[in-house]
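Have a look at the structure below before the remarks.
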Amino acid sequence: MAKKGKKAKLPLSDEEQLLLFQQKLLAEEEMAKKKERLLSQFLKDKLAKEEHNSALNLNKINTQWRTVLREVKTRELHKDIEILSQTFERVVDCKDSVIKSLAKDLTEAEEQYAHALRSHLHSIDQLLALQRRRLHLLEESYNMELEALTKEFETERKTIIDQHEKEIRYLQDVFMAMEQNYIDSEYESKLEFQSMWDDLKNKNLEEKHFLRLQLENIVEDLWRRFQEALKNYTDATEDQKIAFETLKVKDEKSSKEIETQMKKIQRLQDSIIILKSKIMMHNRESEDQNQYIRKDKELVLAQLRKLKAQRTQARELSQENLVKLTLESNATLKALRKIVDKGEKILKLAEICRKFETEEEKVLPFYSTVLTPEEQKEIEEIYPEELTEELTKVIVNYKGMENFWKRYNKVKLEQLSLQHRHAQLSEINRKLREMLKQYLDGISVSDEVLSHLNPLFIINHRSNLPQPLSTPTTQPGDKPPPATYNIIEAAHVISHIL
């Protein structure tokens, strides 16, 4: 036992004490961290539970509040529906009576329309028969004039063609005669030229023979002299003999060529002179003949051009007349077709407008002027206009259109009044739509409605409208004044609208 006590009481070293102290500090830090984690987890759980409970409570409050609002709104809507049903029944009864009266008027109007349509169709048939007769007469006159013009054109065409054929034959005969004369003259000139050429050839041969004899005698004399000189020269100059012989051969050749060329030139010059003289003679004769032929040709061409111009002018005139006739006939037919189409359109429009006429318009289709005599005098003073002959003619021509312009002006005034009434009704419709939109905004609950001012949206006896400032006269003990509401019955609104 003494040994054990001794072992327990042994003192710890400094290092061991530091280790124990560090272990204690680490254990304390871990405990503090565990406590913080547990605390944060507890707080998070508590916050989630509180949020869940607040959301549930808010949903319960909203559902209860919506049920209350729906009950109030259903009561109000039931009352409004009862009022609207009563007013609707009244309006339906009024409309039924109006429909019955209109049905009676419609039957009467249909009977009057049938009677007017029969008379109108009878008058249209008469007008169409008259127009067909007129068109038939115009067509017959047009065909007669066209046949007369075609006959005249054919006769003129035949005469012009016959005359043209005669002139062509005459010109062909003249051309053949001129061609025959030219062939004869050409044959004669060729014969004369051949005879002259033979004479010249014979003369040239004779002269050539004579010149040859003379030249041979001269050459023989020269040859003798040359032989003597050659002997002397050979004795004196034996060295240059070879060169001289070569030059001699060349001289002979050149002399022969010169002689032949000179003879040719002489002959050619003589023949040229003779031929020039003959050519001049032939040119003069041919020029005279050509001038005479040219004059005849120009005269014939001028006559031919005149005849062609006359023929083209006649063709152009006849073609222009035919074109004018065809264009005028087509224009008249188109104009008549347009008039007929316009008349048919006017009659169709009159039939359509007849359906929309009232009883007063059917009985009195042309109303008298609405202006008083004083107003008419004022208009005449404002627009003074002197009547001239042309103006009176125009007025007389358009006097039958006065009733038409009266009815047209009446329809125009009614159109303007209907447009004005349409504008008024559209404005009323716009106002009613705005009222209906306000009403529907008050009924429904949405983000857009809640963002705007709404007097029907009340929570805890408070609306989202700005409250007026309290007056200094009110005291805290006094009772608040009762709230006033503007209520408009639907029956009152519908009565004013209808």
Side-chain angles (χ1 to χ4, degrees), residues 50-107 417-498:
E50 289 293 331
E51 287 178 354
H52 182 66
N53 293 325
S54 62
L56 287 172
N57 293 324
L58 185 62
N59 288 325
K60 288 178 182 179
I61 291 163
N62 286 327
T63 53
Q64 290 176 0
W65 175 242
R66 282 173 185 168
T67 54
V68 171
L69 286 174
R70 283 171 185 165
E71 288 175 358
V72 173
K73 288 293 178 184
T74 50
R75 290 170 191 168
E76 291 177 356
L77 287 169
H78 281 302
K79 290 178 183 179
D80 294 335
I81 287 162
E82 288 175 358
I83 294 163
L84 288 168
S85 64
Q86 292 174 3
T87 54
F88 180 72
E89 286 174 357
R90 281 188 221 141
V91 171
V92 167
D93 294 331
C94 294
K95 295 290 182 183
D96 289 333
S97 62
V98 171
I99 287 162
K100 288 177 183 177
S101 63
L102 288 170
K104 289 179 183 178
D105 295 336
L106 185 63
T107 53
S417 66
L418 289 171
Q419 287 176 358
H420 184 64
R421 181 63 180 164
H422 184 268
Q424 290 178 352
L425 291 172
S426 62
E427 185 66 24
I428 292 164
N429 192 8
R430 186 182 63 77
K431 289 179 180 178
L432 288 171
R433 285 178 185 276
E434 289 178 356
M435 292 169 69
L436 184 63
K437 187 176 181 296
Q438 289 177 2
Y439 181 71
L440 292 172
D441 290 339
I443 291 167
S444 63
V445 177
S446 62
D447 294 333
E448 185 179 0
V449 173
L450 292 173
S451 64
H452 297 292
L453 299 175
N454 192 349
L456 298 175
F457 186 67
I458 298 166
I459 299 170
N460 295 326
H461 302 287
R462 291 182 182 178
S463 65
N464 61 354
L465 291 172
Q467 297 294 328
L469 295 170
S470 62
T471 58
T473 58
T474 59
Q475 293 179 2
D478 295 333
K479 292 181 179 180
T484 58
Y485 298 98
N486 293 323
I487 298 167
I488 299 168
E489 291 185 359
H492 179 71
V493 174
I494 289 165
S495 65
H496 279 289
I497 292 165
L498 296 174

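- To the nearest 0.5 Å, the span separating CG on Leu106 from CD1 on Ile99 amounts to 12.0 Å.
- Here the CG-CG distance, from Asn53 to Leu58, works out to 12.5 Å after rounding to the nearest 0.5 Å.
- Using a 4.0 Å cut-off between a side-chain N of Lys or Arg and a carboxylate O of Asp or Glu, Glu76 and Lys79 do not qualify as a salt bridge.
- The CG atom of Asn429 lies 12.0 Å from the NZ atom of Lys431; values are rounded to the nearest 0.5 Å.
- For the atom pair CG of Asp80 and NZ of Lys73, the computed distance is 9.5 Å after rounding to the nearest 0.5 Å.
- When only modelled atom types and interatomic distance are considered, His78 and Glu82 share no side-chain donor-acceptor pair under 3.5 Å.
- Within 6.0 Å of CZ in Arg433 there are 12 or fewer heavy atoms belonging to other residues, nucleotides or ligands.
- With respect to Gln424, the side-chain hydrogen bond (donor to acceptor under 3.5 Å, both in side chains) criterion is satisfied by exactly one of His422, His420, Glu427: His420.
- To the nearest 0.5 Å, the span separating SG on Cys94 from CD on Glu89 amounts to 12.0 Å.
- Atoms CD and CG, on Gln64 and Asn59 in that order, are 11.0 Å from each other to the nearest 0.5 Å.
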